[in-house]
Amino acid sequence: MSAPTSVPDNLSLAAQIENLLASLAKDRSIGFPAARDIDYGPTLPLFQMLINNVGDPETAPDTAHTKAYEREVLNWHADLFRAPTGDRWGYLTGDGTEANQAAILLARDRFAGADPVLYYSQATHYWINKTAGMFGLPEVVIRTDNTGEIDYDDLRGELARRRDRPAIVVANAGTTVTEAVDDPVRIRTILSDLAIRKNHLHVDGALAGVPLVLLPERPVALDLDGVIDSVAISCHKFYGTTITGGLVLTRRSLQRAARRIAYTATTDTTIGGSRTGQLAVQMWYVMRLFGEDGHRERAEQARETARYAHSLLASIGWPAWRNVHAFTVYFTTPPLTIARRHGLSNADGGISHLICMPGVTRQQIEALVADIATVKGTDQPSPSRGVRRLVPVAQLPLSAERP
Ligand SMILES: Cc1ncc(COP(=O)(O)O)c(C=O)c1O
C-alpha cells in the first residue's frame, strides 16, 4: 500500500508534494495492469497548461488542442484493428469504461425504437452493469467456462430466445480476472445461424486488445472490417500513460448523427465534453517511440515473464493458471498479508491474480513466490466458491497454457 491514507497537515505545500511523490513512487503492485517500462518525461512539460480536445477529433476548437496527434493515434489503431480505410471513426476517452460506453451508446442508437438486448459474459468488467442501467438496456448474462471464456452454447440459447430483437453482444479480449479471450468469429457465426441481422458485436479490449492484434499470427480476429463493429482499449494499461485514458474505434457509417455546437466550434460526438489533450500526445509519443515492432516485443517480454511466474508457482505446488497469450497468472489467494505486500488484487471466490505488464520484473515474481512458499502446507486457504469452478492447470482445456 503506497498511497498515503491521510494528508499530513504540518508540511509546507512544496513538502506535501515531495512527500506525496515519494510515497507514490514506492508503488510496485503487480495485481493491477499498468505498464511501467516507459519514460514519459519528454511529454511532462505539456502538463503545465490546459489542453482541451473538446468535441469530435475531426473538428477543431478555437482553444489549445492536440487533435492532429489524436487523429494519428486513432488511425494507427484503426490500422491495427483493420478498420476500412474510408470508414473509420473513434476518439480518445477519459478511461476504458467511457470507451466501452461510447460503443454501447452508439449500438443502442443504431437500433433505437427496436428494443435491443445487451448480451455479455459473467466475466465482463463491472462497467457493463452501470452502462446497461444508464442506457436503459435489458441485460442477459452468459455463463463462462473455467478459464473465463464465454460459453458459446449458452449464448446461442439466449440469443435464440430473443431472435426478433436486435442483439448487442459484448466479447472480451482479456477479461479482468483471468484475461480470457472470447472468439468474435464464433459469435458472428451464431448471430448469422440465427439470422439476427440487427446486431452489433463490440469487443472490450481494455486489457489485451492491442497485445493480441500485435501477435504475428492473430489467435482471434478483432477486425473492424467484417467481424466486429467496435472495440475499446485502455491507454494506461498496455501503454502505461501517466494519465488514465481509453480509445474507442468503430466504423463511421455506424455513427449517429451529431450536432454542431457553435460555442465550441466542434461536433458533439463524444460522451464527455472537454477531453484532456495531453493523453493524445502521450499516446502519439509511445506509438512513435516503439513502433509496431517495439510494442510487439514489449508484449512478448511480458508473456515471457508471465510464463516464468506460472512455472515458479507450479514449482512450489501452488494452484495457478494462465490462459494462452495472457500476461495474467491467476492462483489461489495467499494469506492477506502476502497479498497486500505485493499489491495483488483479490477477485471473488479465493482467486488472486498477478499481471506481468511490461516493467514487472522477475525479482518481483520471485519475491512473491518466496513469500507464498513460506505458507505452503501451513495455512493454505481452502478453495471457495470461485475456485471450485476452476480446474488445476493439468486439466485445463487446450485454450489454457501449461507452465
Ligand atoms: C477488461 C476491462 N474492461 C474495462 C475496464 C475498465 O477500464 P477503466 O478502469 O480504464 O475504466 C477494465 C479495468 O480494469 C478491464 O479490466
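The structure displayed is predicted, hence computed values, not measured ones.
Within a 6.0 Å sphere centred on CZ of Arg143, heavy atoms belonging to other residues, nucleotides or ligands number 12 at most. Taking a 6.0 Å sphere around NZ of Lys198, one finds it holds 12 or fewer heavy atoms contributed by other residues, nucleotides or ligands. Dense packing is recorded around CD of Glu139, with more than 12 heavy atoms of other residues, nucleotides or ligands lying under 6.0 Å away. Around atom OH of Tyr69, no more than 12 heavy atoms belonging to other residues, nucleotides or ligands sit under 6.0 Å away. Within a 6.0 Å radius of CG in Leu21, more than 12 heavy atoms belonging to other residues, nucleotides or ligands are found.
Between Pro116 and Ile168 the shortest heavy-atom distance is CB-CD1, 4.0 Å.
Under the 4.5 Å side-chain criterion, counting only non-hydrogen atoms from C-beta, Val170 is in contact with Leu118. At a threshold of 4.5 Å between non-hydrogen side-chain atoms, the residues Asn100 and Thr131 do not count as touching. Between Trp321 and Ile351, some side-chain heavy-atom pair lies under the 4.5 Å cut-off. A heavy-atom distance below 4.5 Å is found between the side chains of Phe135 and Gln101. Using a 4.5 Å heavy-atom cutoff, the side chains of Pro211 and His325 are not in contact. Side-chain atoms of Cys235 and Leu279, non-hydrogen and from C-beta on, do get closer than 4.5 Å to each other. Contact annotation: the side chain of Val375 approaches that of Ile338 to within less than 4.5 Å [non-hydrogen atoms, C-beta and beyond]. Thr276 is not listed as a side-chain neighbour of Ile51, based on a closest heavy-atom distance of 4.5 Å or more.
Ion pairing of Arg36 with Asp27 is present here, as a side-chain N (NZ or NE/NH1/NH2) and a carboxylate O approach within less than 4.0 Å. Ion pairing between Asp293 and Arg296 holds under the 4.0 Å rule for side-chain N and carboxylate O.
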message = For a side chain to side chain contact (heavy atoms under 4.5 Å, CB included) check, start with the C-alpha distance between Ile271 and Thr93, then their side-chain angles and the critical distance, and finish with the verdict.
response = CA-CA 8 Å; Ile271 288 190; Thr93 62; over 6 Å; no
message = Let's go through Asn199 and Val169 carefully: what are the C-alpha distance in whole Å and the side-chain angles of both, what is the deciding distance for side chain to side chain contact (heavy atoms under 4.5 Å, CB included) to 0.1 Å, and is it a yes or a no?
response = CA-CA 8 Å; Asn199 65 68; Val169 184; 6.0 Å; no
task = Take Glu98 and Val248, measure what side chain to side chain contact (heavy atoms under 4.5 Å, CB included) needs, and give me the verdict at the end.
result = CA-CA 9 Å; Glu98 187 193 333; Val248 59; over 6 Å; no
message = Run the side chain to side chain contact (heavy atoms under 4.5 Å, CB included) test on Gln278 and Thr43 for me, step by step, so that the C-alpha distance in whole Å, both residues' side-chain angles and the decisive distance to 0.1 Å come before the verdict.
response = CA-CA 8 Å; Gln278 284 89 345; Thr43 68; over 6 Å; no
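In the model, Asp95 has no side-chain atom that pairs as donor or acceptor with a side-chain atom of Trp127 under 3.5 Å. For the residue pair Ser230 and His202, a side-chain donor N or O sits within less than 3.5 Å of a side-chain acceptor on the partner. Side-chain atoms of Thr328 and Glu179 include a donor-acceptor pair closer than 3.5 Å. No side-chain donor-acceptor contact under 3.5 Å links Tyr152 and Asp182. For Asp371 and His342, the side-chain atoms include at least one donor-acceptor pair closer than 3.5 Å. No side-chain donor from either of Asp154 and Tyr119 sits under 3.5 Å from a side-chain acceptor of the other. No side-chain donor-acceptor contact under 3.5 Å links Gln255 and Thr250. A donor-acceptor pair shorter than 3.5 Å can be found between the side chains of Glu366 and Tyr308. When only modelled atom types and interatomic distance are considered, His310 and Arg307 share no side-chain donor-acceptor pair under 3.5 Å.
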Anything under 3.5 Å between a donor and an acceptor, one on a side chain of residues 57-65, the other on a protein residue two or more places apart or in another chain? List them.
from	atom 1	to	atom 2	distance (Å)
Glu58	OE1	Arg252	NH2	2.9
Glu58	OE2	Arg252	NH2	3.1
Thr59	OG1	Asp56	O	3.1
Thr59	OG1	Thr267	N	3.1
His65	ND1	Lys67	N	3.2

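Taking CD1 from Ile243 and OH from Tyr40, the interatomic distance works out to 9.5 Å, rounded to the nearest 0.5 Å. Atom CZ of Phe81 sits about 6.0 Å away from atom CG of Leu222, to the nearest 0.5 Å. Distance check, rounded to the nearest 0.5 Å: CD1 of Ile150 to CG of Leu155 gives 5.0 Å. With rounding to the nearest 0.5 Å, the separation of CE in Met283 from OG1 in Thr241 is 7.0 Å.
Within the structure, the ring-ring contact (aromatic ring centres under 6.0 Å, His included) test picks out the following pairs touching residues 82-114 (sequence neighbours left out): Trp89-Tyr91.
Separation of the His77 and Tyr239 ring centroids falls under the 6.0 Å cut-off.
Between Arg162 and the options Ile196, Leu194, Val117, a side-chain contact (heavy atoms from CB on, under 4.5 Å) holds for only Val117.
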